[in-house]
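These notes concern the structure reproduced below.
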Amino acid sequence: MEGDGQRKNVLALDSKQGVNDRRGFLKGAGMAAVAALVGEVIPFQANLPEGFVPAAAAADDSVLTGKDGLSLLNDRPVNAETPPHFLDDDVTPTDRHFVRNNGIPPTDIDLAAWRLVIDGEVDKPLSLSLEDLRSKFEVVKLKLQLECGGNGRAFFEPKAKGNQWTYGAVGCSEWTGVRLADVLNAAGLKPTAVYTGHYGSDLHLSGNSEKEAISRGVPIAKAMNPYNLIAFEQNGAPIHPENGAPLRLVVPGWPGSCSQKWLNRIWVRDQVHDGAKMTGTSYRVPRYPVAPGEEVAKEDFAIIESMPVKSLITSPQTGVKVADRKLLVRGHAWAGDRSVSRVDITIDFGRTWVSAELNAPANPFAWQTFSTQVSFPERGYYEVWARATDDTGVQQPFSIAWNPKGYLNNMMHRIAVYVG
Ligand SMILES: Nc1nc2c(c(=O)[nH]1)N[C@H]1C(S)=C(S)[C@@H](COP(=O)(O)O)O[C@H]1N2
Ligand SMILES: [Mo]
């Protein structure tokens, strides 16, 4: 039985992922990645025959092993989002953290051989093993919110090309790692350092090893923020293979694309980084408002920096049926580099608002949890809308400012409620 499950799993993966063969991944992946697939340490892992998929993982015959309840938007590359009601936890469990891949994740990871190179505009280029990172730098744990720049793209009209994310390309796991700033300081930034350039070991979708799947970066001022991590654990366990094991950047508050997965190099640049998906119109928006469908010249696009204020109702699930006219509404709010100062809720399409209880973030750059009890005057169909305000007074809009690539959609989230 288990053997059949295993074979079925491998076949399904092969046919969906082509060259990204999960068997190969397991073969080379080693202890940590196999344990991540089942979300536990495996005491007798040394006895597991080579190439064996643990039965707990084999039972799930999708490309999303070790993920639970995610909606698959694309299987090549794998892109999957989390329905809002599965994001209700204050800290997003690993199996509920979205996956956004631009290329083909690495399949042959040798933890002992893994190196992170820091080079470019530094006094002392570094080549650090995973053990060096743990032993030479202070290890910190932070809950950090990560959102894809294209989250909400599905609601743009006219449609923008790319993954049609609705609400769930966002999460807030607890990451363990070392501060990016500490590592850059150890290398010694030269006065000529202006930008980082991040590299990971995933392959370009074409399989061409000369090409990068994605290589983005941030200005040095952002890179030196003490809340950026070079992370080796997610929620106290090895990082999920699809979320960048064994090493990734977490640069919270900016588009998720700045948080390089499978991180193996940070090239400190003397100019704005020009890696894959840094240039052209990638992760850029027009510098001025444009009409839906309007053509915008390339030079009029600016690189997205901080993500805008946003909130998500995570309980109840949209479509809920309420018997007693009272409902506890709960969710999370975040605001890029800023913090959220209030979340307001309406049940009458924005005519009146009540202020929800809003918690401080667990640490800077964690999302903030809100909750409030709402009462409905009579039976019928209602919508609950949430609107977050950041600490400079900027609020989420009712509807979105269109842009050609479908980024930064922070319109208010709304859920349907039937009161019986
Ligand atoms: N190496 C590498 N890093 C990457 C990506 C990628 O495709 N390859 N995708 C980026 C994008 S666009 C986002 S939104 C986040 C998503 O992180 P997650 O898949 O862990 O949720 O990873 C970023 N880091
Ligand atoms: Mo992204």
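Count residues from 1 along the sequence. Whatever order the structure lists ligands and atoms in, that order sets their numbers, starting from 1. Values in this document were obtained by computation on a predicted structure and should not be read as measured data.
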Item to check | Short side-chain donor-acceptor distance under 3.5 Å, D89 and T92 | outcome: no
Next on the checklist: Counting non-hydrogen protein atoms only, what is the nearest one to atom 15 (C) of ligand 1? Give residue, atom name and distance.
Outcome noted: G256 O, 3.4 Å
Next on the checklist: Below 30° counts as parallel, above 60° as perpendicular, anything between as tilted: where do the rings of W267 and Y199 land?
Outcome noted: tilted
Checklist outcome for this item: Rounded to the nearest 0.5 Å, the CZ atom of R269 sits from the CD1 atom of I220 at a distance of 11.0 Å
Checklist entry - Near D202, which atoms of ligand 1 are under 4.0 Å from a heavy atom of that residue? => result 1 (N), 2 (C), 6 (C), 7 (O), 8 (N)
Checklist entry - Using a heavy-atom cut-off of under 4.0 Å, does the side chain or the backbone of C258 touch ligand 1, or both, or neither? => result neither
Checklist entry - To which protein heavy atom is atom 21 (O) of ligand 1 closest, and what is the distance rounded to 0.1 Å? => result F98 O, 2.7 Å
Item to check | R342 CZ: over 12 foreign heavy atoms closer than 6.0 Å | outcome: no
Item to check | For W262, the ligand 1 atoms whose distance to one of its heavy atoms is below 4.0 Å | outcome: 1 (N), 2 (C), 8 (N)
Item to check | Under 4.0 Å to a heavy atom of S259 - the qualifying atoms of ligand 1, by number | outcome: 22 (O), 23 (C), 24 (N)
Checklist entry - Taking it one step at a time, do N264 and S201 satisfy side chain to side chain donor-acceptor pair (under 3.5 Å)? => result CA-CA 7 Å; N264 58 19; S201 69; 4.6 Å; no
Next on the checklist: Assess the residue pair F155 and Y167 against the criterion (ring pair (Phe, Tyr, Trp, His ring centres under 6.0 Å)); give the C-alpha distance rounded to whole Å, side-chain angles, the decisive distance to 0.1 Å, and a yes or no.
Outcome noted: CA-CA 10 Å; F155 306 110; Y167 301 107; 5.0 Å; yes
Checklist entry - Which atoms of ligand 1 are found less than 4.0 Å from any heavy atom of N102? => result 5 (C), 6 (C), 7 (O), 9 (N), 10 (C), 12 (S)
Item to check | Any Y283 heavy atom less than 4.0 Å from ligand 1 | outcome: yes
Checklist outcome for this item: Note: E147, heavy atoms under 4.0 Å from ligand 1, region reported as neither
Item to check | Any side-chain heavy-atom pair of K405 and R284 under 4.5 Å | outcome: no
Checklist entry - Between S341 and D390, is there a donor-acceptor pair closer than 3.5 Å when you use the side chain of the first and the backbone of the second? => result yes
Checklist outcome for this item: Near N101 (heavy-atom distance under 4.0 Å), the atoms of ligand 1 are 7 (O)
Checklist outcome for this item: of all protein heavy atoms, closest to atom 11 (C) of ligand 1 is S257 CA, 3.5 Å
Checklist outcome for this item: Looking only at protein heavy atoms, what sits closest to atom 20 (O) of ligand 1 is R248 NH1, 2.6 Å
Checklist entry - Parallel, tilted or perpendicular for F398 and W385, by the 30°/60° rule? => result perpendicular
Checklist entry - With atoms numbered from 1 as shown, which atoms in ligand 1 lie under 4.0 angstrom from a non-hydrogen atom of C148? => result 14 (S)
Checklist outcome for this item: min-distance protein heavy atom vs atom 6 (C) of ligand 1 -> I214 CG2, 3.4 Å
Checklist outcome for this item: If you scan protein heavy atoms around atom 3 (N) of ligand 1, the nearest is K261 N, 2.8 Å
Checklist entry - Between Y288 and D300, is any side-chain donor less than 3.5 angstrom from a side-chain acceptor? => result yes
